[in-house]
> 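Before I ask anything, here is the structure I am working with.
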Number of protein chains: 2
Amino acid sequence: MDERARHLLKSLIEQHIAKGVPVGSRQLARDAGLNISPATVRNVMADLEDEGYLISPHTSAGRIPTHVGYRFFVDALLRVVPLSAESNRLLIHRIGFRAPDVEQVLHAATGILSELTHMAGFVRVPRRATRILRHVDFIALREREVLAIFVTDKGDVENRLIRTEHPFGTAELAQAANFFNATYGGRPLQDVIHNLQRDLQQSRHEMDRILRSAMELGEEMLEEDQQRMLIEGEFQWLDLPELAGSERLRELLAAVRQKRDLVHLLDESMRGSEVRLFIGEESGYAPLSDCSVVSAPYSVDGEVVGVLGVIGPMRMPYQQIIPLVDGTAQLLGRALSQS
Amino acid sequence: MDERARHLLKSLIEQHIAKGVPVGSRQLARDAGLNISPATVRNVMADLEDEGYLISPHTSAGRIPTHVGYRFFVDALLRVVPLSAESNRLLIHRIGFRAPDVEQVLHAATGILSELTHMAGFVRVPRRATRILRHVDFIALREREVLAIFVTDKGDVENRLIRTEHPFGTAELAQAANFFNATYGGRPLQDVIHNLQRDLQQSRHEMDRILRSAMELGEEMLEEDQQRMLIEGEFQWLDLPELAGSERLRELLAAVRQKRDLVHLLDESMRGSEVRLFIGEESGYAPLSDCSVVSAPYSVDGEVVGVLGVIGPMRMPYQQIIPLVDGTAQLLGRALSQS
DNA sequence: ACTAGCACTCATGATGGTTGAGTGCCAAGG
DNA sequence: CCTTGGCACTCAACCATCATGAGTGCTAGT
C-alpha cells in the first residue's frame with residue numbers, strides 16, 4: 001500500500017468516524033487535500049476494497065471501513081492526542097483521590113468513562129486473590145445471628161450473616177475473632193482459606209460452624225470477583241444510528257447483562273499492561289461484532305488487579321478514547337493504591 | 001355509568017392490555033359477550049369518551065383508555081388474581097430466605113421483579129434512620145490509614161477509610177473503638193451522630209479526627225439512602241411498541257438515572273402499607289406520564305423501611321402485577337427481618 | 001498514470017391510489 | 001326510548017411508481 005492509499009484510507013476512516021455515513025469518492029477527493037480527481041480516488045478505493053480494508057454497503061453507496069481497515073488505522077495511521085486539559089481535570093476531580101470507599105470509586109470511574117465518551121463504560125472489579133487478610137470480626141447481631149466481617153489490606157470489607165445453632169456471647173465471639181486474627185491474620189486470603197479448610201477437617205466444635213461460614217465468606221470473596229463488573233451508560237447506544245432500533249442492540253444489551261463472556265474477554269486483556277483494542281469481530285464474540293472495546297488494565301501497588309474501558313461502535317474517535325481510557329486506568333489504580 | 005358501560009369499558013381495557021392496539025367497536029361487540037351491535041357499542045364508547053375514560057388516537061382508529069379509564073378500571077372493575085404457584089415458588093426460591101447479605105437480597109428482589117413482569121423492577125434501599133448502632137471498629141490498614149467500620153442491628157455494614165496525621169497503633173485504635181462502643185453502642189444512629197457532634201465540640205484531641213470521620217460516616221449512612229435505589233430491567237422497555245424508538249424512551253431512561261424525583265415519588269408511597277398505583281400522569285412527573293408505577297412498601301420487624309415495585313407501560317396486566325409486587329414486598333421484608 | 005465521460009445501480013423520498021378498519025350520524029324498527 | 005342497520009366520511013397503512021442524486025465501474029483519451 002503506497003503513501004497515497006494510506007492517506008486516503010486514513011482520511012476516509014476519519015470522515016466516517018465523524019459523520020457515520022459511507023464516504024464517497026467525490027467527498028473524499030475533496031477533503032483528503034490531495035489534488036486528485038474522484039475517478040482516481042475510486043481506483044484506489046477499489047484496490048483497498050479488494051485488500052479487505054473497505055466495503056460498500058451496496059453498489060451505489062460510498063464505502064465504510066471493515067474491522068481490518070480500522071485495525072490498520074489504529075496500528076499504523078493513528079496519532080493519539082493527549083488528554084484534553086478539561087477531561088483531565090474532570091477525571092482527577094472524580095477519581096483522583098484516595099477513595100474513602102472502594103465501591104464508590106469504581107462506580108465513579110465507570111460513570112466518568114461513560115460520560116466523557118458517550119459510550120458504555122465498564123470497570124472490572126479488583127481481583128482479590130493476592131489480598132492479605134487484615135482483620136476479622138465476629139459480631140453478635142441477635143440471638144443466634146452472628147455477623148462475620150472480613151477486612152483486607154487494601155481496605156475492602158465484606159460481611160456475611162451466619163445463623164448458629166446456639167447463642168454466642170460477645171466474649172466468646174471476641175475470643176474466636178482473636179484466635180482467627182492471630183492464626184490467619186496477615187496472610188494471603190488464598191492461604192487462609194486453604195489452611196482453614198485443612199484445620200477444620202480435624203476438630204469438631206460448635207465454634208466450627210462460625211469458622212466454616214467465615215471460610216465460605218472468604219471463598220466467596222475470591223469467587224465473586226470472577227463475575228463482577230460494573231457497566232454503565234449502555235443507554236447511550238440508543239443514540240447510534242448503526243445500532244438503534246435493530247435486533248443487534250437487543251442482543252448486545254442481553255450479552256452485556258450476561259457478562260460471562262465479556263468478563264472472559266476482559267480477563268484476557270489483563271495480561272498486558274497496555275491499552276488494548278478489540279475491534280469488531282476481533283473479540284471473537286458475536287454480539288460485539290459491530291462494536292469495539294477499548295480496555296486498559298489498572299494496577300494497585302504495582303500489581304494488575306483489574307481492567308476498565310469502554311464499549312462503543314467501531315466508529316469511535318480512537319485518538320481521544322485511547323488516552324482517556326489509559327488515563328482513567330492510571331488514576332483509578334492510584335486512587336486505590338497507597339498514596 | 002350503567003352496568004353495560006362498565007362491562008364494555010372493562011372488556012375494552014382488557015383487550016387493549018392484551019393486544020396493545022386501539023380497540024374498535026366491531027371487535028369489542030364481538031368479544032364483550034353481550035348481544036349487542038357495533039353501532040350500540042359505538043354509542044356507549046362515545047359516552048365513555050365524553051366522560052374522559054377513553055380517547056381515540058385519531059378519527060378512524062379504535063379507542064384506548066386514558067389514565068382516568070385505567071384508574072376506574074383498577075379501582076372498580078379489577079379482580080386481582082392470586083399469585084401463580086410458579087411465580088410464588090420462584091419468588092421464595094430467590095428471596096425467601098434470610099439473606100446472608102443485605103445488598104444481595106435487594107439485588108435479587110429487583111431482578112426477580114423485572115424478570116417476572118418483563119418490566120423495570122426497582123427497590124428502594126431500606127431506610128436506616130431508626131437503626132441502632134451495634135458495633136464500631138477501627139482497623140489500622142497501613143501507616144496513617146484507618147478503616148472505620150459501622151455495624152447496625154439489622155446487620156448492614158458500612159466502612160470508610162480515614163487518613164490520619166499521625167500513625168495509630170492497634171492498641172490505641174482498639175481503645176478508641178471500645179470507648180466508642182461503650183459510649184454510643186446500642187443507641188439509634190441518629191442519636192449517636194447528634195451526641196457525637198456535641199461531644200466533639202468540646203475536646204480537642206488527635207483521636208478526634210477519627211471520631212469525626214466516624215461521625216461523617218454515620219451521617220453518610222443516613223443521607224445515602226435518601227438517594228439510593230436499585231433499578232433493573234429498563235431495557236425491557238425497548239420491546240414496548242408504545243415507547244420504542246421515540247424520544248420518550250430517552251427521556252424516561254434519563255429520568256430514571258436521575259432518580260431524584262423518582263425517589264421522592266416513592267417516598268410518598270411509603271406512607272401507607274398497601275400496594276399503590278401511579279397511573280400515567282397521576283405521578284405528576286412528566287417523563288412517567290406514559291407509564292404506570294406499581295409500588296408496595298416493605299417492612300422489617302414491623303416497621304416500614306422501604307418500597308419496591310415495577311415501572312412499566314400504563315398498559316400492564318395489573319391483576320397479576322399487583323399481587324406479585326405485594327408478594328415480593330412481603331417476602332423481602334421477611335428476608336430482612338428476624339426469622 | 002491520471003482523468004473525463006458515460007452508463008448503470010440503488011437508496012431515498014415524494015406522489016398518489018387503494019384498502020380496510022373505524023367513526024358519527026340518521027332514520028327505521030322493536 | 002333504546003337499538004340497529006345503513007351510509008358517508010376519515011385516516012393510517014400499504015403499495016407501486018417515479019424522479020433524484022450520490023456513487024460506482026469501465027473505457028478511452030490525454
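Reminder, nothing fancy here: chain letters follow the sequence lines and each chain counts from 1.
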> Using a strict heavy-atom distance below 4.0 Å, which residues from residues 48-65 of chain B are in contact with DNA chain C?
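The answer is B/Thr59, B/Ser60, B/Ala61, B/Gly62, B/Arg63.
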> Kindly write out the residues that satisfy side chain to side chain contact (heavy atoms under 4.5 Å, CB included) with A/Glu234, not counting sequence neighbours, or none if the list is empty.
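Result, side chain to side chain contact (heavy atoms under 4.5 Å, CB included) vs A/Glu234: A/Ile231, A/Trp237, A/Leu253, A/Val256.
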> With a 3.5 Å cut-off and no angle check, do the side chains of B/Tyr53 and B/His67 form a donor-acceptor pair?
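There is no such pair (donor and acceptor under 3.5 Å, judged by atom type) between the side chains of B/Tyr53 and B/His67.
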> Show me the pairs that pass salt bridge (charged side-chain N to carboxylate O under 4.0 Å, His left out) and involve residues 70-90 of chain A, at least two apart or across chains.
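Sorted pair list: A/Arg71-A/Asp75, A/Arg71-A/Glu282.
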> Quick one: list whatever passes side chain to side chain contact (heavy atoms under 4.5 Å, CB included) with A/His7, sequence neighbours left out.
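Testing A/His7 for side chain to side chain contact (heavy atoms under 4.5 Å, CB included), a comparison that skips the adjacent residues, returns A/Ala32, A/Leu34.
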> Got a donor-acceptor contact below 3.5 angstrom from the B/Ser269 side chain to the B/Leu266 backbone?
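Here the side-chain-to-backbone pair exists.
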> Using a cut-off of under 3.5 Å, enumerate the N/O to N/O pairs linking the protein to nucleotides 3-6 of chain D.
residue, atom, partner, partner atom, Å
D/dT3, OP1, B/Arg4, NH1, 2.7
D/dT3, OP2, B/Arg4, NH2, 2.9
D/dT4, OP2, B/Ser37, N, 3.2
D/dT4, OP2, B/Thr40, OG1, 2.5
D/dG6, O6, B/Arg42, NH2, 3.4

> Going by side chain to side chain donor-acceptor pair (under 3.5 Å), name the residues that satisfy it together with A/Gln258, two or more places apart in sequence or in a different chain.
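With sequence neighbours excluded, A/Gln258 shows a side chain to side chain donor-acceptor pair (under 3.5 Å) to no residue whatsoever.
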> I need the full list of salt bridge (charged side-chain N to carboxylate O under 4.0 Å, His left out) pairs touching residues 22-38 of chain A, with sequence neighbours left out, sorted by first then second residue.
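Qualifying pairs: none.
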> Could you list the residues that satisfy side chain to side chain donor-acceptor pair (under 3.5 Å) with B/Glu14, not counting sequence neighbours?
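Per chain and number, B/Glu14 pairs via side chain to side chain donor-acceptor pair (under 3.5 Å) with B/Lys10.
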> Which nucleotide of DNA chain C is the first, and which the last, in the 5' to 3' direction, to come under 4.0 Å of a heavy atom belonging to chain A?
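Extent of the interface on DNA chain C: C/dC2 to C/dA11.
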> Does the side chain of B/Ser25 pick up a donor-acceptor pair with the side chain of B/Arg42 at under 3.5 Å?
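Yes, a side-chain donor-acceptor pair sits under 3.5 Å.
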> Is it the case that more than 12 heavy atoms not belonging to B/Asn35 sit under 6.0 Å from its CG atom?
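Atom CG in B/Asn35 is not packed in, count stays at 12 or less.
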> Pair up each side-chain donor or acceptor in residues 310-327 of chain A with any protein partner under 3.5 Å, not counting sequence neighbours, and list the distances.
residue, atom, partner, partner atom, Å
A/Arg315, NE, A/Glu242, OE2, 2.9
A/Arg315, NH1, A/Ile17, O, 2.8
A/Arg315, NH2, A/Glu242, OE1, 3.4
A/Tyr318, OH, A/Ser292, OG, 2.7
A/Tyr318, OH, A/Met314, O, 2.6

> Taking salt bridge (charged side-chain N to carboxylate O under 4.0 Å, His left out) as the test, write out the residues that go with A/Arg248, two or more places apart.
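Salt bridge (charged side-chain N to carboxylate O under 4.0 Å, His left out) list for A/Arg248, sorted by chain: A/Asp290.
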> Using a heavy-atom distance cut-off of less than 4.0 Å, which residues of residues 7-29 of chain B contact DNA chain D?
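Nucleic-acid contacts, sorted: none.
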